[in-house]
Amino acid sequence: MATRFLPLGLLLLTLVVDAQGQHRTGFYLLVFALAAAAVGALSAFGDLVETGEAFARLEAVLGGFAVVLVLVAAAARGQTAAAETVPQVAVSGTIGALLLLSLAAVVRTAVSRQHRVPAR
């Protein structure tokens, strides 16, 4: 469960740190978020292989696309690590990945609540 929420926190922290002008720290947080998002996506893929449910497929796809967006954001920032501003594609990739991971978390929460409710 923590592997799926850690990237969300790191991406939010990246945006906060960037807003304060600490772009190098934001870059390193983004690299950590990339690793955490990859682990979360692989975990979701493992759940898909185990269960084969449609919600697991949706969560795995969202996680995979989020990893790609974080990778694009980190690559764009890595080219300009010493710059005073953050490239717009990096900010857009970070926000897009944050939205996709949030949607995946909502799906995961809804599915886990659905499985806890006893059938009548």
Side-chain angles (χ1 to χ4, degrees):
M1 185 66 100
T3 59
R4 300 211 174 98
F5 290 109
L6 180 62
L8 283 171
L10 288 172
L11 289 173
L12 281 173
L13 192 57
T14 299
L15 292 174
V16 169
V17 167
D18 277 339
Q20 294 177 349
Q22 299 174 351
H23 302 303
R24 180 159 306 256
T25 304
F27 170 70
Y28 289 123
L29 284 170
L30 195 60
V31 170
F32 290 137
L34 176 61
V39 169
L42 286 173
S43 177
F45 182 71
D47 289 347
L48 171 64
V49 170
E50 281 183 20
T51 63
E53 294 179 352
F55 287 115
R57 182 176 295 130
L58 177 62
E59 185 181 7
V61 168
L62 290 173
F65 282 133
V67 168
V68 170
L69 287 176
V70 175
L71 180 64
V72 167
R77 290 178 66 127
Q79 299 298 318
T80 58
E84 295 295 320
T85 61
V86 178
Q88 187 62 36
V89 69
V91 175
S92 298
T94 304
I95 292 172
L98 188 63
L99 291 174
L100 287 176
L101 289 173
S102 297
L103 183 59
V106 167
V107 167
R108 179 71 170 174
T109 304
V111 169
S112 66
R113 286 189 181 192
Q114 180 183 9
H115 287 284
R116 277 191 270 157
V117 175
R120 296 182 193 235

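Please read all numbers here as calculations on a predicted model, not as lab measurements.
- Under the 4.5 Å side-chain heavy-atom criterion for grouping Ile, Leu, Val, Met, Phe, Trp and Tyr, L13 is connected to F32 within one hydrophobic cluster.
- Between L48 atom CG and L42 atom CG the span is 12.0 Å, to the nearest 0.5 Å.
- Residues V70 and T94 form no side-chain contact, since every pair of their non-hydrogen atoms from C-beta on lies 4.5 Å or further apart.
- The hydrophobic clustering, which links ILVMFWY residues whose side-chain heavy atoms are closer than 4.5 Å, places V61 and V68 apart.
- Here CZ of F45 is found 10.5 Å from CZ of R57. Values are rounded to the nearest 0.5 Å.
- Hydrophobic clustering places L15 together with V86 (ILVMFWY residues linked when any side-chain heavy atoms are closer than 4.5 Å, directly or through intermediates).
- For the pair Y28 and T25, the minimum side-chain heavy-atom distance is 4.5 Å or more.
- Note: L29 CG to R24 CZ = 13.0 Å, rounded to the nearest 0.5 Å.
- Nearest approach of L30 to R77, heavy atoms of both residues: CD2-CD, 3.4 Å.
- Linking ILVMFWY residues whenever their side-chain heavy atoms come closer than 4.5 Å, directly or via other members, leaves V39 and L100 in distinct clusters.
- In this structure, L11 CG and S102 OG are separated by 9.0 Å, a value rounded to the nearest 0.5 Å.
- Interatomic distance, L62 CG to L99 CG, rounded to the nearest 0.5 Å: 11.0 Å.
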